[in-house]
There are 2 protein chains.
Amino acid sequence: MRIGDLAARAGVSVRSLRYYEEQGLLVSTRSPSGQRQYTDKEIGRVRFIQRLYGAGLSSRTIAELLPCVDSPTAQNADAAWTQLHQERDRITQHIEELTQARDALDQLIVINREHRSRLAAR
Amino acid sequence: MRIGDLAARAGVSVRSLRYYEEQGLLVSTRSPSGQRQYTDKEIGRVRFIQRLYGAGLSSRTIAELLPCVDSPTAQNADAAWTQLHQERDRITQHIEELTQARDALDQLIVINREHRSRLAAR
DNA sequence: CTTGCATCTGACGTCAATGTCAGGTCTTAG
DNA sequence: CTAAGACCTGACATTGACGTCAGATGCAAG
């Protein structure tokens, strides 16, 4: 599987895949001519990376986490434990912030509705 | 109240306040010598802006929303209605994504715990 | 009056993930 | 074989919300 196929099947750009490799998030074997070769399991890996990005993790954080998933050792498992809980807390807090912000927006929506009905009444 | 005080009391940087003004989110009166003067109510406004930023709104979107809050007219109220609902939906979706991502992280945490206990048993 | 801190404008720096372009090589369908 | 399209590396461009610096001016305390 070449890079364009993986990009299409994982729903990301070719540029992003090369960037992931540059950041150590993704590995590829190379054809004799130097073209990247992927197997089907990379699709899942890329989607997984995407989800972590979606959660707001940086490529650096992801790069620190992935080795622990790939081949757990005592050291990286301990380091990962800290990271994982930090990120989990961060996400939880972010969700709370967003919920509050959405509540604020809802108040604006109420105000807006009042304005609209008042203006429409003229 | 000068810009440094407002910055301190609203919990943002002086640079940010000037940026907000540049983006049309904040207005200031000027002293004869050109220094920005603020009243206490700007504190709430800045905090409000911060919450919208926290919700992921861009300065452009905020700039489009604020006039409707400040002085509602038929036109901006209609435009704002669309914006508000779009942003509300976006936030809701974002919350869902984050929740999913947190679930994914929780699975990693479980895996990590297994690794740790397995490694600790040696 | 001076010293030192706050403020002003304007401009360039930053960071992260990606877009985009250039100039060259590979692969594949016809 | 050839042309088109995918791929390669390397590099510069982009976006947004600021940080930071320079050089000039304002302001309050001693």
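Residue numbers start from 1 in every chain, and the chains themselves are labelled A, B, ... in the order their sequence lines are given, proteins ahead of strands. Reckoned from all heavy atoms, side chains included, excluding hydrogens, waters and symmetry mates.
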Base, sugar-phosphate or nothing for A/S59? Non-hydrogen atoms, less than 4.0 Å.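 Answer is sugar-phosphate: A/S59 comes under 4.0 Å of backbone atoms only.
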
Determine the contact category for B/R60: base if any of its heavy atoms lies under 4.0 Å from a base atom, sugar-phosphate if only primed atoms, P, OP1 or OP2 are that close, otherwise nothing.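 Counting heavy atoms under 4.0 Å across all strands, no contact is made by B/R60.
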
Side chains of A/Y20 and A/E42, donor plus acceptor under 3.5 Å: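 Side chains of A/Y20 and A/E42: no pair found under 3.5 Å.
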
5'-most contact on DNA chain D: A/R2 or B/Q23, nearest heavy atom basis?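 The answer here is A/R2.
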
Whole Å only: how far is the [atom1] atom of [X] from the [atom2] atom of [N]?
X: B/R18; N: D/dA17; atom1: CZ; atom2: P; answer: 18 Å
X: B/I3; N: D/dC27; atom1: CD1; atom2: P; answer: 15 Å
X: B/L52; N: D/dA17; atom1: CG; atom2: P; answer: 12 Å
X: A/L17; N: C/dG19; atom1: CG; atom2: P; answer: 10 Å
X: B/L6; N: C/dA6; atom1: CG; atom2: C1'; answer: 14 Å
X: B/E22; N: C/dA11; atom1: CD; atom2: P; answer: 11 Å

I'd like to know if B/R15 reaches the base of D/dT20 with its side chain such that a donor and an acceptor end up less than 3.5 angstrom apart.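 Side chain to base: pair found, below 3.5 Å.
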
[N], OP1 or OP2 - any side-chain N/O from [X] closer than 4.0 Å?
X: A/Y20; N: C/dT18; value: yes
X: B/S13; N: D/dC18; value: no
X: A/S33; N: C/dT27; value: yes

Between B/R60 and B/E87, is there a side-chain N and carboxylate O pair less than 4.0 Å apart?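 No.
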
Is the closest basic N to carboxylate O distance between A/E21 and A/R30 below 4.0 Å?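 Between A/R30 and A/E21 there is a salt bridge, with a charged N closer than 4.0 Å to a carboxylate O.
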
With a 3.5 Å distance limit and no angle check, can you tell me whether B/T99 reaches the backbone of B/I95 through a side-chain donor-acceptor pair?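 Flag set: sc B/T99 to bb B/I95 pair under 3.5 Å.
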
